[in-house]
Amino acid sequence: MRLAQSYFLSDNVVAIARNLLGKELFTNIDGKICSGIISETEAYEGITDKASHAYGNRRTKRTETMYKEGGRTYVYLCYGMHHLLNIVTAKENTPHAVLIRGIIPNSGIDIMFKRTNKKKLTNISNGPAKMSKALGITTDLDNTLLDDNKIWIEDSNFPLSGFEIIVGKRIGIDYAQEDALLPYRFLLANKK
DNA sequence: TATAAGATTTACT
DNA sequence: GTAAATCTTATAT
């Protein structure tokens with residue numbers, strides 16, 4: 001079943017980031033449906049987080065989406081060529097968001113292959129930009145409600161028993177100084 | 001108006 | 001290991 005919008009209205013963005021692991025992310029782009037189990041997330045805690053675009057209550061055309069009510073997407077272009085997918089959380093005017101960094105492909109894998117031009121199943125979704133490319137996510141999906149039939153998240157009761165949740169510091173944000181060390185990154189890993 | 005840097009990936013040396 | 005690709009935003013002149 002799909003996650004209700006109320007799921008995303010909590011102020012505790014870190015808890016949501018952790019809880020999203022194992023949920024299934026769906027996209028429906030041009031009638032092509034793909035999905036995957038969310039395997040890696042990062043929390044971005046709005047105005048108090050130096051790594052966030054909204055740090056210090058910074059409000060621009062780009063970050064405007066983050067200030068809206070939770071339960072929608074925030075897609076933005078990084079390095080001029082990579083689309084990154086975030087899930088906006090918390091109430092209006094609280095710019096919290098969860099960055100989806102990785103998925104385990106579940107359905108529509110052949111479509112993902114075509115989109116990414118890859119021949120092997122490896123490296124299809126082990127990075128935020130590659131994942132977006134595989135799922136067909138672009139800035140066209142920015143500020144899209146998760147019940148818009150273009151993108152949504154379901155709780156498909158993926159069994160987490162065989163996995164452990166690893167918590168660590170976030171990646172690629174060295175400029176954020178001490179906030180770069182916060183344990184806001186969550187990922188699923190096979191138990192050994 | 002101009003310049004610098006970025007929540008990255010890929011290819012090449 | 002290093003660099004290129006490539007564009008939007010933010011900060012500066």
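Ring planes of F163(A) and F158(A): tilted class, angle from 30 to 60°.
To the nearest 0.5 Å, the span separating CG on L141(A) from CZ on R72(A) amounts to 13.5 Å. Atoms CE and OG1, on M66(A) and T60(A) in that order, are 10.0 Å from each other to the nearest 0.5 Å.
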Self-check item: Watson-Crick or G-U pairs under 3.5 Å in DNA chain C, rendered as dot-bracket with [ ] for crossing pairs and | for another strand
Solution: |||||.||||||.
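Side-chain proximity of K130(A) to dT8(B), dA10(C), dT10(B): nearest is dT10(B).
One C1' atom belongs to dA3(C), the other to dA5(B), and the distance between them is 16 Å to the nearest Å.
If you take CZ of R185(A) and P of dT8(B), they are 10 Å apart, rounded to a whole angstrom. Atom-to-atom, NZ of K61(A) to P of dT8(C) comes out at 10 Å; the value is rounded to the nearest Å.
Listed for the R170(A) side chain is a donor-acceptor partner under 3.5 Å among the backbone atoms of D179(A). Side chain of Q5(A) to backbone of G70(A): a donor-acceptor contact under 3.5 angstrom is found.
Criterion: ILVMFWY side-chain heavy atoms under 4.5 Å apart, direct or through other members. Under it, W152(A) and L3(A) are not part of a common hydrophobic cluster.
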Exercise. Treat primed atoms plus P, OP1 and OP2 as sugar-phosphate and everything else as base, then score nucleotides 2-7 of chain C 5' to 3': B for base contact with protein heavy atoms under 4.0 Å, S for sugar-phosphate contact only, - for none.
Key: ---BBB
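Heavy-atom neighbours of D30(A) CG from other residues, nucleotides or ligands within 6.0 Å: at or below the threshold of 12.
One finds a side-chain N or O of R101(A) lying less than 4.0 angstrom from the OP1 or OP2 phosphate oxygen of dT8(B). Within the 4.0 Å cut-off from OP1 or OP2 of dT9(C), not a single side-chain nitrogen or oxygen of T63(A) is found.
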May I have the list of side-chain donor-acceptor pairs in residues 14-24 of chain A shorter than 3.5 Å, sequence neighbours left out?
residue, atom, partner, partner atom, Å
N19(A), OD1, Y7(A), OH, 2.4
N19(A), OD1, K23(A), NZ, 3.4
K23(A), NZ, N19(A), O, 3.0
E24(A), OE1, S156(A), OG, 3.0
E24(A), OE2, S35(A), OG, 2.7
E24(A), OE2, N106(A), ND2, 2.6

